[in-house]
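Just passing along the structure, written as structure tokens.
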Amino acid sequence: MTDITPDNVNAGQTNSTAEAVRRSLSRRNRKQVILQGLGIAAIVFALSMLLILVGTLVSTGFQAFTQTHVEIEVFVDPQEIKSENLPRGGFNNVLATSMGQYFPDVDLSDRAASREITSILSNGAQFKLRDMVVADPDLIGQTIKLKVPTSDPYDQLNKGLIKRDTAEQNRRVDDAAIEKFDRLDELGLVSKPLNTALITNADSRFPELAGLKGALIGSFWALLTCFVISFPLGIGAAIYLEEFAPKNRISDFIEININNLAAVPSVVFGLLALAVFIGWFGLPRSAPLVGGMTLALMTLPTIIIATRAALKAVPPSIREAALGVGASKHQVVFQHVLPLAMPGILTGTIIGLAQALGETAPLLLIGMNAFITSAPTSPFDSATALPTQIFIWADSPERGFVSRTSAAILVLLGFLITMNAIAIYLRQRLHKQW
Amino acid sequence: MTLAPFVILLLAAIVGYAINVKSARAIRQGGTRLHSLSSFHGLYSLLLVIVPVLTLVLLWLAVEGAVINRILMASLPPGVLEELGSGQVQLIGAEIRSIAGGRIFGTPEEWKLEAADRLINYRENAAWLLVAVVSVLSLAIVVFARSRVAAEFRARQRVERIVSGLMIFCAVVAIFTTVGIVSALTFETIKFFQMVPITEFLFGTSWEPQIPIREDQIAAEGAFGAVPVFLGTIVIATVALFIAVPVGLMTAIYLNEFASRQFRASVKPVLEILAGVPTVVYGFFAILTVAPAIRQFGQSLGLEVASNTALAAGGVMGIMLIPFISSFAEDALSAVPRSLRDGALALGATRAEMMLNVLFPAAIPGIVGGILLAVSRAIGETMIVVMAAGLIARMTINPLDSVTAVTVQIVTLLIGDTAFDNPKTLAAFALGMMLFLVTLVINVFALRIVRKYREIYD
């Protein structure tokens, strides 16, 4: 618009432009509202998914933190259990007899009926009794009180997971069985204490006996191995690359290599471990040691990247001051820069270890998903780890394993939250503003 | 007994350190100036002991089992191993080892018991030999290091050179890992392609990785055409990206432009939780909640939905990838120079117009890089698909159907099988090779885009 345009035309144009803008304004504002609405919808979607995830796990998992027990009086019959035959003996018959005293109407000589009333107890009850008697043979001939878990269907019945109002043919526990269980309940023998077996038992085929002890110890050994290998290696590599490496093709190559390793799918590390550690070196399958070595290779890039960032954050004045008073380059790094960078390095390491703790696929390939009913005593023993135990339980058909899987996941998430909380605490507490 | 060499090594290192520090101090107290601090003389001895001897012990332990096994197998009476497959030979080795460990099942043959005795014998001898070697070597090095202590000895330089060497070794481990991955995969893949032609693997459309276990079994030959497996991975990854990309981008746009500082500070870490949840948890979530929900919803619409539909695995994977994409997109958006935004706003654009017409196009390369990285994550993701996707390879792109994926096949082919001499287990390595190559190309490409783009605006 130039000066020669008559005033009235200019004014008219301005008016019409302003008019056009004003007319389109509501449409343009509406567009902005839509965009904002989509943004909020996306966030709400993501957050509600997180909420559903956590909600599902908590609502199914909390049931597994208690376990229905019955307390029965057992007469350790010397006819059935002889001290010279231990640990063999008719423990199951003894249990059947003692269950019989609560059900006088059941004919114990009828094997099916007798089996039905003992099936209220967990299959582990006879072993618990056996262990007690083996530990103290004087119990033979006495009457003792025995508190044992019930088998899974009755546990679910007691927790209300098997609904009593479902039609009998669709229910896993029939009316007669419910009636028997209720009789025990009326006698005050049924209780629902904290399920300590979840932590103190190793894996089992029976949900009511299965616990995480083996997985916890296996994960501990694997993480320890992972830390022992990846922490020094990661710090060494990071210090070299950040402080000493000449800027040339070789160090460039190493750097690209590390960045790419961080993005290699975890299952490929499993293939590497299977072919190299187990196939070529002949290390034992299913061992937490091998699992830890594999996890260490995966954690290494994380630690290297975090350490380099922490080293970079230490201001040059520190280095220059140390160099100025006559320290050598090594002394500067190891006595001044590294201690100042330590909080950042530790934060990165803990986050890396937390990732390693949740990693499953490589452990599956090296066989850490074996069914093992005893906890490992050394990193060379066969074991499972927490995430692989979750995988095994999630695959098990018994209903009782559903809530146990959720409970195991809650335990795993608990560890992860703790580790991340420690990392955040370290970062905030020890973070220095230079 | 395994710990003994390490204990000896540690003791020797500490003793060496103490001796050297003490003698260096003695020289200084004699009135001579030392070139290096006395602690460097100590460290010199410590490193000189630890580095070679620890390397020796670790190498020894790494090969000991394999060497003993080979000697043991060679010592078995002639004839017992003839005409046995490698799997059966391994089985005999395992049986002998378990007899040696005191777990005897049934009544094993006499020669197995003898072999077990020999095995125990070998192991003991090997352990004693290692202890002897470690002791002698450590002692010799300590004496040697002590003899180097002198006023003009440049201990600091020596120590620093050793430390530099160690650090270079640490940095090179990353390369070793890559070399290990590539060589392991290549080695097994070549063996696989000697049994199955590469053209069948790459272009065949039938995937039935069964092999006859016994010679006389009338099992199918097995088919190793991997196209349906690749197709399954593509279907699942596509479903995942259909959820993750729009939700992630919208989240990033809102957090970057419209959200208050407080809202951002509280929502962002919560979203990051989604990225920190282990994938096995997502897998369980998919089979417990998502798959039944989708199935029910589909049935209410009258659709035929498989119980392990690709929608469940892909959808849950998409949820996992949301924070991944949103954080990349946010980085890209906030890397756009302020002048571009301010210019657009000054011309009278609304914030939405500024975002959609200026910021977003300027950030596209960075966002594409992030999405590519998400694609590589989706292709390589294992646990969600192992738990929630199917096992049978079908030539279909219908996401309601059950499809399998590359990672699923790798895991199922390798679980419970150790012999690397049949196409079934080797096929897993060939699939792994494909997975590695594809993700590598995507990653290199994506990282390059992201980096290049950053440089433009820096």
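Below, chains carry the letters A, B, ... as their sequence lines are ordered, and counting in each starts from 1. Any value given below was found using the heavy atoms of this structure, including those in side chains, with hydrogens, waters and symmetry copies removed.
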Contact winner vs chain A - B:E381, B:M167, B:R377, heavy-atom pairs under 4.5 Å | B:M167
Side chain, backbone, both or neither: which part of A:P232 has an atom under 4.5 Å from a heavy atom of chain B?
-> backbone
In terms of heavy-atom proximity below 4.5 Å to chain B, should A:T388 be classed as side chain, backbone, both, or neither?
-> neither
May I ask you to name which of A:L25, A:I52, A:I366 has the most heavy-atom pairs under 4.5 Å with chain B?
-> A:I52
Looking at CD of A:E242 and CD of A:E255, how far apart are the two atoms once the value is rounded to the nearest 0.5 Å?
-> 8.0 Å
Per-residue contacts, residues 351-363 of chain A versus chain B, heavy atoms under 4.5 Å | A:G358, A:T360, A:A361
Chain B neighbours within residues 411-420 of chain A, where any heavy atom lies under 4.5 Å away = A:L412, A:L413, A:L416
Per-residue tally against chain B (heavy atom, under 4.5 Å) across A:I40, A:V33, A:V276 peaks at A:I40
Under a 4.5 Å heavy-atom cut-off, does chain B meet the side chain of A:I43, its backbone, both or neither?
-> both
Partners meeting side-chain contact (heavy atoms from CB on, under 4.5 Å) with B:T233 (sequence neighbours left out) | B:I379, B:A405, B:V406
State, to 0.1 Å, how close B:L185 and B:G432 come at their nearest heavy-atom pair, and which atoms those are.
-> CD1-O, 4.1 Å
Just do the side chain to side chain contact (heavy atoms under 4.5 Å, CB included) check on B:L414 and B:T425 with the steps written out, would you?
-> CA-CA 6 Å; B:L414 284 177; B:T425 42; 4.1 Å; yes
Tell me, for A:F334 versus chain B, whether the close heavy atoms (under 4.5 Å) come from the side chain, the backbone, both or neither.
-> side chain
Between B:A286 and B:P292, what is the shortest heavy-atom contact and its length?
-> O-CD, 4.1 Å
Hey, mind stepping through A:T60 and A:S406 against side chain to side chain donor-acceptor pair (under 3.5 Å) and telling me if it holds?
-> CA-CA 6 Å; A:T60 52; A:S406 293; 2.6 Å; yes
Nearest heavy-atom approach of A:A394 to B:M387 is CB-CE, 3.5 Å
Heavy-atom proximity to chain B below 4.5 Å, by part of A:L300 | side chain
Would a 4.5 Å heavy-atom cut-off, applied to side chains only, mark B:Y254 and A:L35 as touching?
-> no
Under 4.5 Å, counting heavy-atom pairs only, tell me which of A:S328, A:A41, A:A46 racks up the most with chain B.
-> A:S328
Proximity breakdown for B:S164 and chain A, heavy-atom pairs closer than 4.5 Å = both
Of the non-hydrogen atoms in B:A329 and B:L249, which two are nearest, and what is the gap between them?
-> CB-CD2, 3.7 Å
Atom pair CD1/OH of A:I304 and A:Y240 - distance to nearest 0.5 Å | 13.0 Å
Heavy-atom donor-acceptor pair, A:S251 side chain to A:P246 backbone, under 3.5 Å = yes
Region of A:L271 that comes under 4.5 Å of a non-hydrogen atom in chain B = both
Can you tell which of A:W393, A:F244, A:F269 has the highest number of heavy-atom pairs within less than 4.5 Å of chain B?
-> A:F244
Measure distances from B:L373 to the heavy atoms of chain A and classify the residue's part below 4.5 Å as side chain, backbone, both or neither.
-> neither
Side chain, backbone, both or neither: which part of B:I384 has a heavy atom under 4.5 Å from chain A?
-> neither
Show your working on side chain to side chain donor-acceptor pair (under 3.5 Å) between A:N29 and A:S26 and close with a plain yes or no.
-> CA-CA 5 Å; A:N29 281 337; A:S26 65; over 6 Å; no
Hey, what do you get for CG (A:L338) to OG1 (A:T307), rounding to the nearest 0.5 Å?
-> 8.5 Å
When the ring planes of A:W280 and B:F187 are compared, do they come out parallel, tilted or perpendicular, using 30° and 60° as the limits?
-> perpendicular
Can you say whether A:V21 sits under 4.5 Å from chain B via the side chain, the backbone, both, or neither, judging by heavy atoms?
-> neither
Using non-hydrogen atoms and a 4.5 Å limit, figure out which bit of B:I175 sits close to chain A: side chain, backbone, both or neither.
-> both
Check the pair B:L61, B:F6 against side chain to side chain contact (heavy atoms under 4.5 Å, CB included), reporting the backbone distance first and the verdict last.
-> CA-CA 11 Å; B:L61 292 179; B:F6 293 99; 3.9 Å; yes
Could you tell me which portion of B:T251 (side chain, backbone, both or neither) has an atom closer than 4.5 angstrom to a non-hydrogen atom of chain A?
-> both
Nearest-0.5 Å distance, CZ of residue A:R28 to NZ of residue A:K31 | 9.0 Å
Pairs of heavy atoms under 4.5 Å with chain A: top-ranked of B:T289, B:I253, B:V267, B:I243 = B:T289
Rounded to the nearest 0.5 Å, what's the gap from CZ on B:F176 to CD1 on B:I181? Could you check?
-> 14.0 Å
Segment of B:M355 engaging chain A (4.5 angstrom heavy-atom cut-off) | side chain
Which one, B:I168, B:L166, B:V411, leads in non-hydrogen pairs under 4.5 Å with chain A?
-> B:I168
List the steps, then state whether side chain to side chain contact (heavy atoms under 4.5 Å, CB included) holds for A:V332 with A:K329.
-> CA-CA 5 Å; A:V332 171; A:K329 182 89 173 127; 5.7 Å; no
Closest heavy-atom pair and its distance - A:L274, A:I278 = O-CB, 3.5 Å
Checked B:V159, B:L447, B:V163 vs chain A; the most non-hydrogen pairs under 4.5 Å come from B:V163
Looking at residues at least two apart in the chain, or sitting in another chain, which of them share a side-chain contact (heavy atoms from CB on, under 4.5 Å) with A:I34?
-> A:L38
Among the listed options A:T405, A:L297, A:L364, the residue most often paired with chain B at heavy-atom distances under 4.5 Å | A:T405
Which bit of B:E160 comes within less than 4.5 Å of chain A, counting heavy atoms only: side chain, backbone, both or neither?
-> both
Relative to chain B, which segment of A:F391 carries a heavy atom at a distance below 4.5 Å: side chain, backbone, both, or neither?
-> both
At what distance, to the nearest 0.5 angstrom, does CG of A:L365 lie from OG1 of B:T382?
-> 8.0 Å
